[in-house]
Amino acid sequence: MNKIVRMLFATTMALYLGSFVFAGGTNEVTVADEKKEITFLTQTHYVEGYDEQLQKIADEWAAENGMTVRIDFISRDDFPARLAAESSAKSGHDIVFLWSYAPALYQDQLVNLDDIAENMEKNYGKWSEAARKINIHNGHWKALNWYDQIALPTINTDYWKEIGIESEVLNEMTWEDLLVAAKKLHDKGHPIGFAFNDMDGWAPLNQIMWSYGAYFIDESGKISLDTDQMRTVIDYVVRLSEYMPDEVHAWDGGGNNRFMLSGLGAWTVNTPSIKPAAVKNEMPIADKFEMTLPPKGPEGRFVDSLNVNVGIWDFSPNIDESKDLLSYIFNPENMKKQIEASHGYNIPAITYKDDQVYEYFSGDEYLKHYMKLGDKATILPSGGIAKPGREISIIFDMKIIPIMFGKAVRGEPADDVIKWATKAIQDLN
Amino acid sequence: MKEKYYGYIFVGPAFLYLICLMMYPVFNAIFLSLTDKQIGIFTYSFIGFRNYIELFNISLFQTALINTGILVGVTVFVKYSLGLLFAITIINLKKGFQAIRSIILIPWIIPISLSVLIWKWMFDANFSVVNYFLSKIGLSAVSWLGSPVWARISVMIVNIWMGLPFFTIMLSVGLLTIPKELYEAAEIDGANGFYRFLNITLPQLKSVTLVVLLYSIVMTAGAFEIVYILTKGGPMQSTHLLGTMAYEWGFKGLQLGKASAISLFIFPVLFVCVYFSLKNILKEGSDI
């Protein structure tokens with residue numbers, strides 16, 4: 001019996017180990033085997049159909065250059081862990097999506113992209129100030145600002161008409177006007193809302209903070225939460241939250257969308273993904289949605305721009321090819337296709353010389369406020385006036401400020417929440 | 001003599017697997033927890049136990065530790081109690097015992113991420129089917145995931161729902177191994193049902209109880225997926241467990257050293273639980 005067991009074991013192990021030897025295929029090398037593969041890690045886009053268009057653009061480039069391009073799409077929430085893993089292991093994709101302040105965080109492991117950034121500026125158009133601020137470190141372009149995600153208020157026009165306000169009026173409103181209107185809407189059963197426990201909370205809170213002159217980190221890098229302006233904003237948000245459903249604290253990245261698409265919400269702050277989703281699903285409510293400019297505060301009107309960037313790891317074996325692919329993705333014709341596929345969600349960071357790139361915006365009434373937005377509002381990156389760096393990246397990813405406001409809304413005194421947020425930032429740095 | 005070496009050869013692959021895939025990450029985590037390593041910074045220093053000491057100053061750690069303790073205490077107790085009740089019920093069924101036992105396993109065999117996503121929809125603010133049924137019986141809607149208290153309860157509900165089948169099946173198997181003669185003798189002596197349960201059922205289930213409790217305590221203390229998918233630690237970081245806090249601090253806060261310390265913090269407690277449980281289990285086995 002022992003002999004049979006030993007023979008069985010030996011045979012099994014031999015087959016198992018032998019499979020590794022043969023797993024690599026035959027000795028015959030085919031033309032297909034010689035094709036280089038460029039790998040690209042990016043986020044699953046919020047607008048259906050965009051990912052397929054991006055893959056199509058990449059495949060066109062690949063066909064022209066005799067290579068293949070593999071794009072891996074993952075959820076935005078999984079990026080911190082994924083980037084950390086690839087940077088630590090010095091292994092992974094060639095091109096990576098770097099949102100917000102990630103270029104500052106990983107600058108020492110990203111390839112300099114000065115050549116293609118300058119080339120793009122020469123041939124395609126000028127880079128925005130935010131693009132330079134986020135991506136130039138120690139005098140070098142470490143990543144390229146692919147597009148910006150800018151959230152503006154989305155309203156259900158029917159509900160606003162019920163309280164006697166036409167959508168154009170909203171473009172001249174102040175935040176105090178919104179408070180008055182929110183009460184009327186709430187009394188009619190049409191609450192307003194935005195997230196407090198999700199990254200989506202940054203946009204509306206930044207818009208409010210900056211328009212009252214409040215910044216969580218100042219230009220010198222100091223924590224500036226303990227200010228009168230911040231206390232004013234906290235008080236305002238607490239009052240505004242009385243007209244929001246309790247569930248805003250549970251919203252994830254799709255919470256805003258579901259709130260409006262369900263027919264419950266009258267106002268939220270979101271990127272232009274709500275109406276396209278309603279149109280795609282042939283929902284009657286689609287016609288009710290409009291986007292407006294955000295309200296103004298004493299310091300003016302501000303808009304938060306979430307910069308979506310792409311970079312190339314320095315351990316990539318395909319640096320030149322990756323640069324070429326990026327140049328192709330950014331060219332005006334392909335940027336136009338991406339804007340169309342995203343239904344205007346992607347706001348280019350380059351001001352393209354070719355006006356055809358912006359055809360989609362001018363043709364869609366829903367997106368009218370995105371045209372020349374810089375003339376209507378001050379656009380700042382999500383960290384405000386703070387210098388991009390590690391600290392801002394951590395504060396942003398850990399949602400310290402939305403959580404601070406969430407605690408205040410839940411009844412904690414302003415002094416306590418400011419103390420909490422200050423300590424939370426200090427603990428993390 | 002040759003026979004002896006075959007034993008080593010047979011356990012070799014499993015031992016290699018254990019070392020490479022399980023022990024290496026543990027030792028690496030222990031090492032990292034004694035350093036100030038951060039993601040994106042290539043240099044780091046050995047700082048001893050400073051990470052562990054500094055944890056007590058962090059309010060989120062206090063919250064996560066308390067949440068973990070409450071989750072383990074409450075859910076293990078409820079799972080054991082309900083599991084025993086269900087086990088006693090199903091083994092006394094005259095018909096359909098096998099079928100019902102198979103149905104009971106469903107929460108256990110559905111992939112965790114899938115079942116938590118389903119629960120997330122069931123608790124959703126706008127589309128909660130649970131709130132729908134509550135409204136049908138005249139109760140008001142609950143902010144399942146928006147209120148810190150109800151969010152914690154939601155995590156417990158999902159944990160109990162997923163873990164109950166394991167307790168039920170294991171305890172039902174344990175109950176089936178109890179000799180019927182013990183109950184018959186007790187009945188003849190005039191013992192009532194409650195007395196028989198306390199003095200025959202529970203003592204006879206001691207080994208199975210230790211096994212299921214040990215397994216459940218370890219798995220629940222290390223829980224991650226339910227909170228990560230259901231609440232992401234919110235609202236306002238109120239549902240964070242040690243596992244999810246370690247993830248946030250490691251990958252978003254970039255503090256690999258501290259994150260490792262958070263994840264290893266409860267290790268000594270669990271080690272003591274495992275040690276004494278296994279000691280008792282092995283003692284029970286040798287007594288038999």
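Proteins get letters first, then strands, A, B, ... in listed order; numbering begins at 1 in each. Quick note: numbers below take in every heavy atom, side chains included, and nothing from hydrogens, waters or symmetry partners.
Residues meeting the side-chain contact (heavy atoms from CB on, under 4.5 Å) test with B/Ile266, sequence neighbours left out: B/Thr68, B/Ala221, B/Leu242, B/Val269, B/Leu270. Under the ring pair (Phe, Tyr, Trp, His ring centres under 6.0 Å) criterion, A/His140 pairs with no residue at all, not counting sequence neighbours.
For the set A/Arg390, A/His249, A/Arg410, the entry with the most heavy-atom pairs within less than 4.5 Å of chain B is A/Arg390. For the set B/Gly234, B/Gly253, B/Ser238, the entry with the most heavy-atom pairs within less than 4.5 Å of chain A is B/Gly253. By number of non-hydrogen pairs under 4.5 angstrom with chain A, the leading residue of B/Asp124, B/Leu256, B/Thr231 is B/Asp124. Annotation: maximal heavy-atom pairing with chain B below 4.5 Å, among A/Ala85, A/Ala250, A/Ser88, A/Ser87, occurs at A/Ala250.
To the nearest 0.5 Å, atom CD of residue B/Gln38 and atom CD1 of residue A/Ile394 are 6.5 Å apart. The distance from the CG atom of A/Leu105 to the CD1 atom of B/Ile39 is 8.0 Å, given to the nearest 0.5 Å. With rounding to the nearest 0.5 Å, the separation of OG in B/Ser59 from NZ in A/Lys419 is 12.0 Å.
Contact of the B/Trp249 side chain with the A/Met398 side chain is registered, since non-hydrogen atoms from C-beta on lie closer than 4.5 Å. When side chains are defined from C-beta on, B/Phe251 does not count as touching A/Leu83, because their heavy atoms never get closer than 4.5 Å.
Of the two parts of A/Arg82, neither the backbone nor the side chain holds a non-hydrogen atom closer than 4.5 Å to a non-hydrogen atom of chain B. With a 4.5 Å cut-off on non-hydrogen atoms, A/Leu264 touches chain B through its side chain but not through its backbone. Using a 4.5 Å cut-off between heavy atoms, B/Glu54 does not touch chain A at all. Residue contact with chain A, scored on non-hydrogen atoms closer than 4.5 Å, is absent for B/Phe61. If you measure heavy-atom distances from A/Asn197 to chain B, the contacts under 4.5 Å come from the side chain alone. Of the atoms belonging to B/Gln255, it is side-chain heavy atoms, and not backbone ones, that fall under 4.5 Å from chain A. Only the side chain of B/Tyr247 comes within contact range of chain A, judged by heavy atoms closer than 4.5 Å. Contact annotation for A/Asp427: both backbone and side-chain heavy atoms come within less than 4.5 Å of a heavy atom of chain B. Interface remark: A/Phe196 contributes no atoms to any contact with chain B (heavy atom separation under 4.5 Å).
Of all heavy-atom pairs between A/Asp397 and B/Lys252, the closest is O-CD, 3.5 Å. Summarising the geometry of B/Met236 relative to A/Lys407, their closest heavy-atom pair is CG-N, 3.6 Å, with the distance given to 0.1 Å.
The existence of a salt bridge linking A/Asp252 and B/Lys120 is confirmed by a sub-4.0 Å separation between a basic side-chain nitrogen and an acidic carboxylate oxygen.
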Under 3.5 Å, sequence neighbours excluded: what are the donor-acceptor pairs made by side chains of residues 15-34 of chain B?
from, atom 1, to, atom 2, distance (Å)
B/Ser33, OG, B/Ile30, O, 2.7
B/Ser33, OG, B/Tyr52, OH, 2.8

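Contacts with chain A (heavy atom to heavy atom, under 4.5 Å) involve these residues of residues 140-158 of chain B, listed by number: B/Ser143, B/Leu145, B/Gly146, B/Ser147, B/Pro148.
For A/Lys423 (side chain) and B/Asn57 (main-chain N/O), a donor-acceptor pair under 3.5 Å exists by modelled atom type.
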field: CA sep, side-chain torsions, deciding dist, call: B/Lys232, A/Asp198, salt bridge (charged side-chain N to carboxylate O under 4.0 Å, His left out)
entry: CA-CA 9 Å; B/Lys232 286 257 177 341; A/Asp198 186 78; over 6 Å; no
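Within a 6.0 Å sphere centred on CE of B/Met219, heavy atoms belonging to other residues, nucleotides or ligands number 12 at most.
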